[in-house]
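Structure first, then comments.
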Amino acid sequence: MSTLYRLLPLPVVRGIQLSQGLSFAFSAIKYIRYNQDFVASKATTPRAWLGLDGLVVALSSLLFLVIFTGSGDHYDRNGSDDDQPRRRNSKRLRILGSIPAALIVFLLGLVLCFIRDPSIFGDIKFGPSKIGFLSITWNDWKVGFLKGAVPQIPLSVLNSVIAVCKLSGDLFPDRELSAAKVSVSVGVMNLVGCWFGAMPVCHGAGGLAGQYRFGARSGWSVVYLGIGKLIIGLVFGNSFVRILNQFPIGILGVLLLFAGIELAMASRDMNSKEESFVMLVCAAVSLTGSSAALGFVCGILLFLLLKLRKMEYSGSAPGFSKFKFESTVGAETSSIP
């Protein structure tokens, strides 16, 4: 995995990130505009304007997050004394950015859960749920491997390892994340969790982008998140699912929209037209075919074709010829006999 991470062209990785980010954003817009049937995985009727899960609630949450978090940019703490208006504006923006806006919106959603269905109070049971150990048969393993794991491998490799490492390097340039460690971490989590009925999990680039977008700047943020989930699981057990079933889908769509856009914005460093071309084709194929693997293959082929096109052929004498390959990094050229 480390070798693959080093060899993959950056425009292809950016194409996968762009496609995944836009895919999240498209889903988020559907969540905001339409009611959802998650069992059938499709949108149903248009969402009403009023109500506890209406468009007004979703759009108000959206405006609230934009006002307090802006575009997710940072502001210089320093400034010259001669530029007092700029210093005051920067201070005001820092104060707004320090407010945990996403947490406030999430807590609002939890409050709306109980208002929408007061019977939840009677369904809450305190204490952890009983932990069971699953017996996985050979047929379970075969079906899960062929229909679940194999089709998921391209997306897991690209979005859960390659894109995560690249996005981590973009967000935290001073901390290099190892592709091998991320791969082992994802593998161990699933090898252990599956015996207890856990859902497949990964270090998705969308999750990293969303956490960073809403203020996470160190590993402690994930530690706090994990501790919070452990407390909720130990205190409420499976009864907490009853609460989440009433969570406003419009608010969920708003949070997902910000995470998706943050992930897609990682592709903004493609400065040359060639890099942008490869990235956009890769993203377009991934989105149209709903297959990151297909977009990845097309992106790699396109990248190689463009490099092959730059190879200069010259014949200096009968029976002798050479190719000159123009490096994309510097101005030097190297000869390939």
Side-chain angles (χ1 to χ4, degrees), residues 1 20-21 24 28 65 69 72 97-111 113 124-134 152 155-157 159-172 174-248 251-252 254-260 262-263 266:
M1 194 65 68
Q20 290 301 304
F24 292 154
L65 289 174
T69 67
S98 65
I99 297 175
L103 180 60
I104 294 174
V105 170
F106 175 73
L107 293 177
L108 170 64
L110 289 182
V111 172
C113 291
I124 294 178
K125 297 179 181 179
F126 295 99
S129 301
K130 186 180 297 184
I131 297 177
F133 189 78
L134 298 183
Q152 182 68 20
L155 183 59
S156 292
V157 170
N159 188 57
S160 305
V161 179
I162 305 298
V164 167
C165 294
K166 181 56 66 177
L167 181 62
S168 176
D170 296 336
L171 301 178
F172 307 100
D174 56 330
R175 309 173 203 172
E176 184 176 356
L177 193 60
S178 168
K181 289 183 179 179
V182 173
S183 304
V184 172
S185 176
V186 172
V188 169
M189 286 191 298
N190 288 284
L191 285 173
V192 174
C194 65
W195 297 101
F196 302 94
M199 288 289 292
V201 291
C202 69
H203 303 296
L208 174 60
Q211 291 166 4
Y212 186 88
R213 179 62 175 76
F214 293 124
R217 293 298 180 271
S218 74
W220 282 106
S221 61
V222 184
V223 173
Y224 295 144
L225 178 62
I227 292 175
K229 290 182 177 181
L230 283 173
I231 293 174
I232 290 174
L234 293 173
V235 174
F236 296 103
N238 284 339
S239 64
F240 192 72
V241 178
R242 178 76 171 81
I243 301 175
L244 295 181
N245 284 336
Q246 294 299 323
F247 194 89
I251 292 181
L252 177 64
V254 170
L255 296 173
L256 181 62
L257 175 64
F258 280 84
E262 183 69 26
L263 176 58

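Every heavy atom of this structure was used, including side-chain atoms; hydrogens, water molecules and symmetry mates were not.
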> Hey, does the side chain of S156 reach the backbone of Q152 with a donor-acceptor pair shorter than 3.5 angstrom?
Replying inline: yes
>> Counting C-beta onward and ignoring hydrogens, is there a side-chain heavy-atom pair between I124 and R242 closer than 4.5 Å?
In response: no
>> With rounding to the nearest 0.5 angstrom, report the OG to OH distance, S218 to Y224.
In response: 7.5 Å
> Would you say the side-chain atoms of R175 pair up with the backbone N or O of G169, donor to acceptor, closer than 3.5 Å?
Replying inline: no
> Can you find a heavy atom in the side chain of L255 that is under 4.5 Å from one in the side chain of L65?
Replying inline: yes
> So, for G210 and A259, which heavy atoms are closest and what is the spacing to 0.1 Å?
Replying inline: CA-CB, 3.7 Å
> Got C165 and V182 here, is their nearest side-chain heavy-atom distance under 4.5 Å?
Replying inline: yes
> Nearest heavy-atom pair of L263 and A205: which atoms, and what distance?
Replying inline: CD1-CB, 3.6 Å
> Closest approach of N159 and V164, non-hydrogen atoms and distance?
Replying inline: O-CG2, 3.3 Å
> Below 4.5 Å, heavy atoms only, C-beta onward: do L177 and F172 meet side chain to side chain?
Replying inline: no
> From I227 CD1 over to I232 CD1, what is the distance, rounded to the nearest 0.5 angstrom?
Replying inline: 12.5 Å
>> What's the separation between atom CD in Q246 and atom CG in L110, rounded to the nearest 0.5 Å?
In response: 12.0 Å
> In terms of the angle between their ring planes, are F196 and F133 parallel, tilted or perpendicular, with boundaries placed at 30° and 60°?
Replying inline: perpendicular
> If you round to the nearest 0.5 Å, how far is CZ of R213 from CG of L171?
Replying inline: 12.0 Å
> Checking S183 side chain against A179 main chain: does a donor-acceptor pair fall under 3.5 Å?
Replying inline: yes
> Hey, does T69 have a side-chain heavy atom less than 4.5 Å from the side chain of F258?
Replying inline: yes
> Do the side chains of V157 and M1 get nearer than 4.5 Å, heavy atoms only?
Replying inline: yes
>> For F247 versus F106, what's the shortest heavy-atom pair and its separation?
In response: CE1-O, 3.6 Å
> Given side chains that start at C-beta, do those of P248 and C113 come closer than 4.5 Å, heavy atoms only?
Replying inline: yes
> Looking at CZ of F240 and CG of L234, how far apart are the two atoms once the value is rounded to the nearest 0.5 Å?
Replying inline: 13.0 Å
